[in-house]
Amino acid sequence: MSLFDKYDQVAARHDRLVAAGRDPFNICMDRIVSATEAIVDGREVILVGTNNYLGLTFDQDCVDAAVAAVKREGTGTTGSRIANGTYSSHRALEQEIADFLGRRSALVFPTGYQANLGILAGLAGSKDVILLDADSHASIYDGCRLSGATLIRFRHNSPADLDKRLSRLKDKEGGKLVVVEGIYSMLGDQAPLDEFVDVKRRHGVELLVDEAHSLGVFGENGRGIAESAGVEEDVDYVVGTFSKSLGAVGGFGASDQPAFERLRYTSRPYMFTASSSPSSIATAMATLGKIKSGPHLRKQLWDNARMLYQGLTDLGFTICAETSPIVAVKMPGEAAAVFMWNALLEAGVYVNLALPPGTPDGSCLLRCSLSAAHTPAQVTKVCDVFDQCFQALRSWQDAQSAAE
Ligand code: PMP
């Protein structure tokens, strides 16, 4: 009996996926050409699955800031903040994030995943209850587990279901924390935050919003869904990542609660890991500066999002949610999704293949994410390639039916 035996079923499914073409979980980019292009297997590919929403990863100012930080502070921090001490650049970035969001304080983590672990496990304990949207990201689920709190899932984007569940907890002692995301990463659908705020107010509980996909993308100033919904004051905790609009690696939590700073000596995912590399911190500082400098990148991103959404809709594809920088194309089943995904890559377009159980409602998706750095010509090409691959899918399906 091997420790790996438990993966036999998953491995068999993976083998089936790989047999249909490429390994969707292991695509190697031989060379990254720009924020929107790479070389894969010697072929030029347009990247439409990077979450690089503002396209800042090759911005000259941001690259220069990262290089200067490595020269100034070195390649790594080699330890945790509680043991090795805090670099002043980490402190400065925390101040910058707090100021940007209009919060009293912010804590930086090495990834967005760890930010959710650190904030959730830091805030909640075994006597508390966390109520989370059923479609929450894995990092939110894992943070809840690590906290030891009672975990209650409510129906996705359903303030009514949350209301019902909170009513049942009326007499329960301990803290109660509601967790939602701004934009959901798989389908690109938006939380009805104003309605959630209504429910949270009525029950006198606290609210955390993970703005991973919405920071820099929504709101007049790019502060996210809470800003665009006009409910920032009712959001008690904001979690975000550097790995999308901010074009780096890292994450943060921010809050107005004076006691939030206690997480620095109580939250294990904050305390017992090395702090972020100087280059990541400097990059996030520089990209945040770009977001603060004006809406031009956001506007460009939304123009591209609308163009792809419209283009694919006109071609007859079903998009899972209203227009957003995440355009999730629904496919009729796994075989069709896998065929299309391989055909797209072969024709020079990289999107994310998203299959159950990683998707809501058992959907099979070709998930596209737009960038401000995409050109209209690239978006047109992506639509043309989708069309061409769909014709190929039809022929393949016809041939399969004839063979049966
Ligand atoms: N929260 C959400 C909603 C996410 O979608 C992700 C990653 N896609 C994370 C957190 C984790 O962020 P990171 O990749 O920076 O660890």
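Numbering of ligands and ligand atoms starts at 1, following listing order. Quick caveat, the model's predicted, so the values are computed rather than measured. Along the sequence shown, residues carry numbers from 1.
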Checking a contact table here: which protein heavy atom is nearest [atom], and how many Å away?
| atom | result |
| --- | --- |
| atom 15 (O) of ligand 1 | T241 OG1, 2.6 Å |
| atom 13 (P) of ligand 1 | G112 N, 3.5 Å |
| atom 1 (N) of ligand 1 | D210 OD2, 2.6 Å |
| atom 4 (C) of ligand 1 | H137 CD2, 3.4 Å |
| atom 16 (O) of ligand 1 | Y113 N, 2.8 Å |

Does the pair [X]/[Y] count as a salt bridge with the N-to-O cut at 4.0 Å?
| X | Y | answer |
| --- | --- | --- |
| D384 | K381 | no |
| D398 | R394 | no |
| E334 | R16 | no |

Please state whether K244 comes within less than 4.0 angstrom of ligand 1, counting heavy atoms only.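 It does; at least one heavy atom falls under 4.0 Å.
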
Does even one non-hydrogen atom of G251 get within less than 4.0 Å of ligand 1?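 The answer is no: ligand 1 sits nowhere under 4.0 Å from a heavy atom of G251.
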
As an exercise, identify every atom of ligand 1 less than 4.0 angstrom from a heavy atom of [X].
| X | result |
| --- | --- |
| N116 | 1 (N), 10 (C) |
| S139 | 1 (N), 10 (C) |
| S185 | 5 (O) |
| E181 | 3 (C) |
| H213 | 4 (C), 5 (O), 8 (N) |
| A212 | 1 (N), 2 (C), 3 (C), 4 (C) |
| S243 | 13 (P), 14 (O), 15 (O) |

V209 and V238: side chain to side chain contact (heavy atoms under 4.5 Å, CB included), yes or no, with the steps? CA-CA 5 Å; V209 180; V238 186; 5.8 Å; no

Do the ring centers of W302 and Y53 come within less than 6.0 Å of each other?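 Not close enough - the centres of the two rings lie 6.0 Å or further apart.
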
Distance-only polar pair, side chains of S275 and T77, donor-acceptor under 3.5 Å: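 The answer is yes; a qualifying pair exists.
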
Quiz question: by atom type and distance under 3.5 Å, do the side chains of Y113 and H137 form a donor-acceptor pair?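 The answer is no; no qualifying pair exists.
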
One pair to check against side chain to side chain contact (heavy atoms under 4.5 Å, CB included): F196 and N157. What are the steps and the verdict? CA-CA 9 Å; F196 277 124; N157 270 353; 4.2 Å; yes

With a 4.5 Å cut-off on side-chain heavy atoms, are K200 and D236 touching?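 Yes - at least one pair of side-chain heavy atoms lies under 4.5 Å apart.
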
